[in-house]
Amino acid sequence: MSEKREEDLKTNFIYTMIKEDLEKGALQGSPVHTRFPPEPNGYLHIGHAKAILLNYGIAQDFNGKFNLRFDDTNPIKEEQEFVDSIKEDIKWLGADWEDRLFFSSDYFEVKYQFAIRLIKAGRAYVCDLNQEEIRDYRGTLTEPGKESPYRNRPVEENLDLFERMRKGEFPNGSRVLRAKIDMASGNLNMRDPVLYRILHAEHHRTGDRWCIYPMYDFDHPFSDCLEGITHSLCSIEYTDHRPLYDWIVDNAVELMPEEVKYRSRQTEFARLDMTFTVMSKRKLRRLVEEGFVDGWDDPRMPTIAGLRRRGITPQAIADFQQRVGVSRADSTVDLALLEHCIRQELENTAPRLMVVLDPLKVVITNWPDDKTELCQMENIPGNESAGSREVPFSREIYIERDDFMEDPPKKYFRLAPDREVRLKGAYVIRCDRVVKDSEGNIAELQCSYDPQTRSGSDTSGKKVKGVIHWVSIKDATMIDVNLYDNLFTVENPEEDDEKDFISHINNQSLVVSEDIPAEPAIADVPAGSRFQFMRKGYFYLDPGINNRNKPTFNRIVQLRDSWAKMKK
RNA sequence: UGGGGCGUGGCCAAGCGGUAAGGCACGGGUCUUUGGAAUCCGCAUGCGUAGGUUCGAAUCCUACCGCCCCAGCCA
């Protein structure tokens, strides 16, 4: 990518803001410091990849630092299993947190101390209202709330109660610690938000050491302050939490200056949405739990694990993220952009192989029965360093069924009766006869080759328009292929609130093809490698399901097909 | 009907008072032993709408319209 292009891509409002901060000296010498704060309660998807690469990219571009911090303040939903998968996914994407792997739960003790200082300052109180009462007292979107009867409890009583909450003297839900802000605020987040709740639950890291846990709004800004995060990026729906974020930061700076490394600021940006898929955790879970896919890492899922198994590269995802850009406007990016990024990369890196996905037998009638000739073919056209290979050619071959038409339309320039076509890397053949079975289906083609037309030493002067791929039958290696397509048939499966998104599932999203003939070179290919099956698409030898006797390839993406477009 | 956010071509997205970048998609040409790739050309007299300020407005002001988010002891 040229420098010019790199510059263009980074003209987003966050980069502009950071540059301004740096020019103004607003960071007071601190390095630019970002973080990615996942909750370990599920799998990461491509939307998270946008956030990860944005945060990591900023740290890189401004010579700063990037932290990974698990937001593990809710022991009921969080598990070690997700910590592991999230770390793996982020590493795979190429974001490096170096030695800065943190957990919100690392700071539970300091946070408890901070809460105590808030109480002492008269800015937080223990509230005995139950959940339903708190909701009632909160008011509605259009009416102000009422103050809790416990709001003006003496500091000493609050301190005592809060300490006993920690000791486990009270059951779940019986009391909470709340900030004393403004029950009449138009912003519901400021109506005395809950800071701590009682949860007698085993935490994946702290075990049973705690039975009170901080809420996100209290925890997150404070964690940012402790880690010295300068730019706390999050998605748009947190915009109305920003006043509360700032309230916490202000109090942290005032009440716990010795602990605060930086007065962090929150900036929101639009989350990523894409056509032909769903992104919400709830919907993805339904796909998994109701068996529409084979798990979180099913290659049709927009999860990082799914994209990885599909064969998509981290480079392609990074390129995609760059091209999508960053703004505050709700947006749904065209899947075609991701596909473009994938093809763009694989075009220059994936070796070519010939595989016939839907075989039709062709007999070269003027080719000797027992003769095999080796055709030299480049692995990546135009890239000599990628080397070449020998592909055996013989009397009986397979071609794609749709590379022949008995009664071709005007602009069809592949094989047809009495027409010629070039077999890629080999000879020009002519179709002399069509053999049909008893039901009238085309069973075999009888063709003749022109010896003058050998690839690379063609003396015939023939100019044939069509070039098709082929596989020698007796030399073929059989493989299995998973032909993946979009999981949904419509661009936006969640558009219609009345209709369940499940009803838009594409029942052709996975077509399994077994015993597909491929050129013999495919037998020696290492798991985890990617290829272009000529004229068909890019494929990935899935290491997860590799059977050495019969390898299984996942289709990553099809090649662009202007013929298919023309037919429409 | 409270608070907040957002509206620039089909989809993203620059632009920050000097006369609409770029990418994807789309259409067309060249080239091609992948109908791939590459390459060239085209694609908003227009920036949600209506007024206003100004020599000059996507950018400033006013009003209106539309979409999204918020009433978890989730994050």
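Heavy atoms only: backbone and side chains are in, while hydrogens, waters and symmetry mates are out. By convention in this document, chain letters (A, B, ...) are assigned in the order of the sequence lines, proteins followed by strands, and residues within each chain are numbered from 1.
- In this structure the side chain of A:Met354 reaches within 4.5 angstrom of the side chain of A:Met377, judged on heavy atoms.
- A:Val326 comes within 4.0 angstrom of the backbone, heavy atoms only, and of no base.
- Residue A:Gly425 is in base contact, counting any heavy-atom pair closer than 4.0 Å across all strands shown.
- Judged by Watson-Crick or G-U wobble contacts below 3.5 Å, the nucleotide B:A38 has B:U30 as its partner.
- Distance CG (A:Asp330) to C1' (B:G7): 10 Å, rounded to an integer number of Å.
- An OP1 or OP2 oxygen of B:G72 is reached within less than 4.0 angstrom by a side-chain nitrogen or oxygen of A:Arg138.
- A:Ile134 comes within 4.0 angstrom of a nucleotide base, judged by non-hydrogen atoms across all strands.
- Of the candidates B:C12, B:A71, B:C74, the closest approach to any side-chain atom of A:Glu39 belongs to B:C74.
- Ring centroid separation for the pair A:Phe114 and A:Phe222 comes in under the 6.0 Å cut-off.
- Using a 4.0 Å heavy-atom distance criterion, A:Phe413 is classed as a base contact.
- The partner of B:G66 is B:C6, by the rule that a Watson-Crick or G-U pair needs both atom distances under 3.5 Å.
- Counting non-hydrogen atoms under 4.0 angstrom, A:Ser185 reaches nothing in the nucleic acid.
- The side chain of A:Thr142 sits closest to B:G2 out of B:C73, B:C69, B:G2.
- Across all strands, A:Val333 comes closer than 4.0 Å only to sugar-phosphate atoms, never to a base (heavy-atom distances).
- Among the heavy atoms of the strands lying under 4.0 Å from A:Gln532 is at least one base atom, whether or not backbone atoms are also near.
- The side chain of A:Thr73 places an N or O atom within less than 4.0 Å of a non-bridging phosphate oxygen (OP1 or OP2) of B:A75.
- B:A37 and B:G28: their P atoms are spaced 15 Å apart (whole Å).
- Each of A:Ala270 and A:Arg454 lies near RNA chain B, and the nucleotide nearest A:Ala270 is the one positioned closer to the 5' end.
- Residue A:Arg328 places at least one side-chain N or O under 4.0 Å from the OP1 or OP2 atom of B:C6.
- Taking 4.5 Å as the limit, every side-chain heavy atom of A:Glu491 sits out of range of all side-chain heavy atoms of A:Thr332.
- For the P atom pair drawn from B:C64 and B:G3, the interatomic distance equals 13 Å after rounding to whole Å.
- Closest-nucleotide positions on RNA chain B for A:Ala336 and A:Glu132 were compared, and the one nearer the 5' end corresponds to A:Ala336.
- Under the 6.0 Å distance and 45° angle rule, A:Lys283 counts as a cation-pi partner of A:Phe501.
- Rounded to whole Å, the separation between the C1' atoms of B:G9 and B:C24 comes to 13 Å.
- For A:Ala329, taking side-chain heavy atoms from C-beta onward, the closest of the listed nucleotides B:C73, B:G7, B:G23 is B:G7.
- Contact annotation: A:Lys565 reaches the phosphate of B:C26 (side-chain N/O to OP1 or OP2, under 4.0 Å).
- Remark: the separation of the C1' atoms in B:A20 and B:C47 is 8 Å, to the nearest Å.
- Between B:G35 and A:Arg560, no contact under 4.0 Å exists linking OP1 or OP2 to a side-chain N or O.
- The side chain of A:Leu188 has B:C70 as its nearest neighbour among B:A13, B:C70, B:U1.
- A:Leu129 comes within 4.0 angstrom of a base, heavy atoms only.
- Nucleic acid contact for A:Tyr238: base, since at least one base atom lies under 4.0 Å from a heavy atom of the residue.
- A ring-centre distance under 6.0 Å is found for A:Tyr238 and A:Tyr216.
- As rounded to whole Å, 10 Å separates atom C1' of B:C73 from atom CG of A:Asn74.
- A:Asp217 places its CG atom 9 Å from the P atom of B:A75, with the value rounded to the nearest Å.
- Here A:Phe218 lies out of heavy-atom contact (under 4.0 Å) with every strand.
- Of the candidate nucleotides B:C11, B:G15, B:G35, B:C11 has the atom lying nearest to any side-chain atom of A:Asp334.
- Ranking B:C24, B:G36, B:U33 by closeness to the A:Lys424 side chain, first place goes to B:U33.
- B:A14 and B:G22: their P atoms are spaced 15 Å apart (whole Å).
- Aromatic rings of A:Tyr125 and A:Tyr150 (six-membered ring for Trp) have centroids beyond the 6.0 Å cut-off, not under it.
- In summary, the aromatic rings of A:Phe553 and A:Phe539 are positioned with their centroids too far apart to meet the 6.0 Å limit.
- Contact check, A:Ser331 against B:C11: no side-chain N or O comes under 4.0 Å of OP1 or OP2.
- In this structure, A:Trp563 counts as stacked on the base of B:G35 under the 5.5 Å centre distance and 30° plane angle limits.
- Glycosidic conformation, B:G4: anti, with the torsion outside 90° of 0.
- Looking at heavy-atom distances under 4.0 Å, A:Arg422 makes contact with a base.
- Taking the six-membered ring wherever Trp is involved, the centroid distance between the rings of A:Phe103 and A:Phe70 falls below 6.0 Å.
- Rounded to an integer number of Å, the gap from CD of A:Glu237 to C1' of B:C67 is 16 Å.
- If you take CG of A:Asp72 and C1' of B:A75, they are 12 Å apart, rounded to a whole angstrom.
- Among the atoms of the strands shown, none is found under 4.0 Å from any heavy atom of A:His220.
- Interatomic distance, A:Ser185 OG to A:Arg191 CZ, rounded to the nearest 0.5 Å: 6.5 Å.
- Rounded to whole Å, the distance from CZ on A:Arg242 to C1' on B:C69 is 14 Å.
- Out of B:G23, B:C70, B:A13, the shortest distance to the side chain of A:Leu141 is found at B:C70.
- One P atom belongs to B:G42, the other to B:A21, and the distance between them is 12 Å to the nearest Å.
- For A:Gln322 and B:A13, the CD to P distance is 14 Å, given to the nearest whole Å.
- The base of B:G35 is paired with the side chain of A:Arg414 by a donor and an acceptor separated by under 3.5 Å.
- Here A:Phe13 and A:Phe269 keep their ring centres 6.0 angstrom or further from each other.
- Side-chain N/O atoms of A:Thr239 include none lying less than 4.0 angstrom from OP1 or OP2 on B:G4.
- For the P atoms, the distance linking B:G2 with B:C26 amounts to 45 Å, nearest Å.
- B:A13 atom P lies 11 Å from atom CZ of A:Phe320, rounded to whole Å.
- A gap of 23 Å separates the C1' atoms of B:A63 and B:C16, to the nearest Å.
- Counting any heavy atom pair closer than 4.0 Å across all strands shown, A:Pro381 reaches a base atom.
- Close to B:C74, at under 4.0 Å from its OP1 or OP2, lies a side-chain N or O of A:Arg197.
- Applying the 4.0 Å criterion to OP1 and OP2 of B:G35, one finds that A:Arg535 has a side-chain N or O inside that range.
- In this structure B:U45 sits in no base pair that meets the Watson-Crick or G-U test at under 3.5 Å.
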